[in-house]
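Below is one structure, written out as structure tokens; the observations come after it.
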Amino acid sequence: MATILLEVATPDKGEVFSKEINMLIVRSICGELGILPKHARLLTELIPHAMRIKEGSGETKLFVSGGFMEVTPDKITILADAAENPDDIDVERAKAAYQRAEERLNKKSPEIDIDRAEAALARAKARLLVKGVHMG
């Protein structure tokens, strides 16, 4: 089965993931994309989500909080604001962040920064999805 190299890096951690994979499913500002080996060149902005990485018959997930993805026929490069493997995610902390963001959004107070609260909610939700926890 054909493969494509996936490299994920962040400013804080440097390289977070580097491996030959069969397929990557990501969420960009244009919607969900499936990237296979020999994909056409592409440059897009990513939104916070749980990336799905397919290798052989298995699938793993990786949290990304946004950033950019460049695709060439033989390589996928993701420069993420933050990225975390499932083992690095603290479920209780993510649940607390999710609940705080929901509370802020439900207050509908003029002091609340709605965009910031929505972004925090999206990040928390994506982290929980990587761990297989579904909320709301």
Side-chain angles (χ1 to χ4, degrees):
M1 182 177 266
T3 62
I4 187 168
L5 178 62
L6 170 62
E7 292 183 340
V8 180
T10 70
D12 294 339
K13 296 180 183 176
E15 188 174 87
V16 175
F17 187 95
S18 180
K19 196 170 191 181
E20 292 283 335
I21 65 167
N22 299 110
M23 181 179 189
L24 176 67
I25 301 170
V26 296
R27 292 190 63 208
S28 77
I29 59 171
C30 300
E32 190 169 80
L33 300 169
I35 310 296
L36 293 165
K38 308 293 184 210
H39 195 283
R41 293 181 176 274
L42 171 71
L43 181 63
T44 189
E45 185 177 346
L46 300 177
I47 61 174
H49 71 288
M51 287 191 327
R52 295 170 42 210
I53 302 165
K54 300 205 178 237
E55 305 171 68
S57 62
E59 179 179 295
T60 57
K61 292 182 181 173
L62 183 73
F63 165 75
V64 292
S65 68
F68 294 91
M69 176 178 71
E70 178 186 27
V71 178
T72 63
D74 59 349
K75 185 177 178 184
I76 305 166
T77 304
I78 294 178
L79 303 173
D81 301 327
E84 296 172 8
N85 290 297
D87 294 341
D88 298 332
I89 295 172
D90 181 335
V91 172
E92 294 308 313
R93 184 174 174 217
K95 282 182 180 179
Y98 185 96
Q99 291 168 345
R100 279 192 311 274
E102 267 198 332
E103 288 170 11
R104 287 187 184 118
L105 289 169
N106 289 333
K107 279 186 181 177
K108 299 194 189 320
S109 170
E111 305 90 50
I112 301 297
D113 183 339
I114 299 297
D115 291 337
R116 185 174 174 187
E118 286 175 344
L121 184 66
R123 288 190 305 271
K125 186 175 183 177
R127 280 187 173 98
L128 290 168
L129 287 173
V130 167
K131 294 295 278 188
V133 177
H134 300 275
M135 299 204 40

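Note: hydrogens, waters and symmetry copies are ignored here, and every other heavy atom, side chains too, is used.
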Is there a side-chain contact between [X] and [Y] (heavy atoms, below 4.5 Å)?
| X | Y | value |
| --- | --- | --- |
| F68 | I78 | no |
| I4 | L36 | no |
| L129 | H134 | yes |
| I53 | K19 | no |
| P73 | R41 | yes |
| D74 | L5 | no |
| V133 | K95 | yes |
| L24 | M69 | yes |

Minimum heavy-atom distance [X]-[Y], with the two atoms named:
| X | Y | answer |
| --- | --- | --- |
| I21 | K54 | CB-O, 3.7 Å |
| R123 | F63 | O-CE1, 3.5 Å |
| D81 | P11 | O-CD, 3.8 Å |
| H49 | R27 | NE2-N, 3.1 Å |
| A126 | P48 | CB-C, 4.2 Å |
| K61 | A50 | CD-CB, 4.4 Å |

Would you find a donor on one side and an acceptor on the other, under 3.5 Å apart, between the side chain of T10 and the backbone of A83? no
Can you measure from [atom1] ([X]) to [atom2] ([Y]) and round to the nearest 0.5 angstrom?
| X | Y | atom1 | atom2 | result |
| --- | --- | --- | --- | --- |
| Q99 | N106 | CD | CG | 11.5 Å |
| R93 | L128 | CZ | CG | 12.0 Å |
| M1 | E20 | CE | CD | 13.5 Å |

Just to verify, which of L6, L42, V26 counts as forming a side chain to side chain contact (heavy atoms under 4.5 Å, CB included) with I76?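 Option passing the side chain to side chain contact (heavy atoms under 4.5 Å, CB included) with I76: L6.
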ILVMFWY cluster, [X] and [Y] together (side-chain gap under 4.5 Å):
| X | Y | result |
| --- | --- | --- |
| V64 | V16 | yes |
| L33 | M23 | no |
| L62 | L79 | no |

Decide if atom NZ of K13 counts as having more than 12 heavy atoms of other residues, nucleotides or ligands within a radius under 6.0 Å.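 Atom NZ in K13 is crowded, with more than 12 foreign heavy atoms closer than 6.0 Å.
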